[in-house]
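Read through the structure below, which is laid out as structure tokens, and then see the notes.
Computed from a predicted model, the values in this text were never measured in an experiment. Chain letters run A, B, ... following the sequence lines, proteins first and then strands; every chain starts at 1.
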There are 2 protein chains.
Amino acid sequence: MSTTGRGLHGRVLDTLGPAITAGEYPPGSVLRTDELAQRFDVSRSVMREAVRVLESMHLVASRRRVGVTVRPKAEWNVYDPQVIRWRLAGADRPHQLRSLTVLRSAIEPVAAGLAAKFASAEQCAELTECAIGMVANSRGHKLEDYLVHDVAFHRVILAASGNEMFARLGDVVAEVLAGRTHHEVMFEDPDPAAVTLHVQVAEAVREGDAVRAEALTREITVGALQELDILAP
Amino acid sequence: MSTTGRGLHGRVLDTLGPAITAGEYPPGSVLRTDELAQRFDVSRSVMREAVRVLESMHLVASRRRVGVTVRPKAEWNVYDPQVIRWRLAGADRPHQLRSLTVLRSAIEPVAAGLAAKFASAEQCAELTECAIGMVANSRGHKLEDYLVHDVAFHRVILAASGNEMFARLGDVVAEVLAGRTHHEVMFEDPDPAAVTLHVQVAEAVREGDAVRAEALTREITVGALQELDILAP
DNA sequence: GTGACAAATAAGTCTGACTTTTTGGTTCCG
DNA sequence: CGGAACCAAAAAGTCAGACTTATTTGTCAC
């Protein structure tokens, strides 16, 4: 899938970004632009552009006479999709996955409640289609097809909430769901109870029942938390 | 308060960023690097760095032979603190404030529940101090002092949740609370009921009562939603 | 109309010289 | 011994100009 894309500075970021987010350079580490330019065999202009991008993500801070210093993790722009992707691709993956799942558990139920109020007829139709698609692929090791509909389902919910901030989490949720299917333990067919819940959420949204949509979605996210052993007994 | 800060490219961003996020350039608009460099009276290198930053925020896309095109709002990195600040400072302010308040209403209750489980002794103490500070400044038009403690309170909750994604929303919440006090209608002293709720949340967290902490915080955020006339009867 | 080819265009890249800020040391008094 | 003033080095920041490369658009032949 797409990394930073084209351009020399993008190539540099493709290695520097993951390295920094993986914690290879401890906070406070000092990098020098010229040295980096040499290391990556690019001109200083290109390296400066790369540093600017890292700076805008708050991964580093550039100060005169001292160099480019790596900032502590607590200051990173952890909502930057690029940063999320880098972390998901590296050693921090499990931790990042847990953080994102907790985030989902907070956002999605509220989004579903709003979707019940504001979803358009088209969105309701889409939602139902997705739910049907999930049912259709819930048995017989069709995990890949199931995933497609699962992702689409959650995207529609987030978009239908009418909140732009929620809508932008579609990619993140997609990343989490895909990660669960591809990298984590996911040998068997999905939990039938979860599939049913999705169908019921689609129903609730269609009927405009915000309270029920929220409660059902909360059940779904609780399931996601349990999968990662997050939750107190 | 801090904008992009030092550096010539930062100055450029200080005017270009707000302009784009304010919608002055409709989606698809084409800017040319050379022209911009002239307009801002900077070298192309500096301009290129600025464009790279805007690109990393997904505000624009740079393509050869065509120029720097403004992306549709739906693709912006709306969680980027810089983008949030730009939008809060511009014409989009009311809309942005509503989005953020809805976001808060989803996140903070969950964060409070987690804080009840994971808050350290120090954090509990801080929380109590903040609550006391809020009470102490809840009467007599000491809005500014009240705000300081209010912001601190919510920061501690988010940090104590133990979730890095939640913790990073501290700045956003601070921005929203400050905005409410400074720009919106806020002539009178804060609602006594809200103050009490904060005290009770501090209690609940101290006692490790996650369910109660979450419910009480939900009441607080419902109040915030009502202030902006978000909510169905 | 379709295909190939050529020209125009704007971003992308590199280089080298120069400026500015910050820091750390040194020296010179008190 | 301590502090203030000063100096020099280091690294980012800035600029200008030449060159490369990809992409689009227009043209011309078939």
**Q.** Whole-Å distance separating the CD atom of E55(B) from the C1' atom of dA11(C)
**A.** 11 Å
Q) Would one find a side-chain N or O of R48(A) under 4.0 angstrom from OP1 or OP2 of dG13(D)? A) yes
Q.
Between T128(B) and R206(B), is there a side-chain donor-acceptor contact under 3.5 Å, judged purely by atom types and distance?
A. yes
Q. Under 3.5 Å, is there a donor-acceptor pair between the side chain of R168(B) and the main chain of W76(A)?
A. yes
(Q) Does dC14(C) have its OP1 or OP2 closer than 4.0 Å to a side-chain nitrogen or oxygen of S45(A)? (A) no
Q. If you look at every strand shown and take non-hydrogen atoms under 4.0 Å, does S62(A) touch a base, only sugar-phosphate, or nothing?
A. sugar-phosphate
Q.
Using OP1 and OP2 only, check whether a side-chain N or O of S43(B) sits under 4.0 Å from dT14(D).
A. no
Q: Establish, from distance only, whether the side-chain atoms of S99(A) and E164(B) form a donor-acceptor pair under 3.5 Å.
A: yes
Q: Measure from CZ on R64(A) to C1' on dC18(C) and round the result to the nearest Å.
A: 12 Å
Q: Ignoring backbone atoms, establish whether R44(B) has a side-chain N or O less than 4.0 Å from OP1 or OP2 of dA10(C).
A: no
Q. Would a 4.5 Å heavy-atom cut-off, applied to side chains only, mark V102(B) and L114(A) as touching?
A. yes
Q: With heavy atoms under 4.0 Å as the rule, sort R63(B) into base, sugar-phosphate or nothing.
A: sugar-phosphate
Q) L8(B) CG to dT19(C) P: how many Å, rounded? A) 15 Å
Q: Specify the separation, in whole Å, of atom CZ of R32(B) and atom C1' of dT9(C).
A: 10 Å
(Q) Return whichever of V68(A) or V46(B) has its heavy-atom-nearest nucleotide of DNA chain D closer to the 5' end. (A) V68(A)
Q) Within the pair R65(A) and dG13(D), is there a side-chain N or O less than 4.0 Å away from OP1 or OP2? A) no
Q: Salt-bridge test for E55(A) and R52(A): reply yes if a basic N is under 4.0 Å from a carboxylate O, no otherwise.
A: yes
Q. Rounded to the Å, how far apart are L36(B) CG and dA10(C) P?
A. 13 Å
Q | 5' priority, DNA chain D, between T33(A) and V42(B) [closest heavy atom] | A | T33(A)
Q: Write down the distance between CG (D41(B)) and C1' (dT14(D)), rounded to a whole number of angstrom.
A: 12 Å
Q: Take the protein atom CG of D34(B) and the nucleotide atom P of dC15(D), then report the distance between them rounded to whole Å.
A: 14 Å
Q) Atom CZ of R11(A) to atom P of dT21(D): distance rounded to whole Å? A) 14 Å
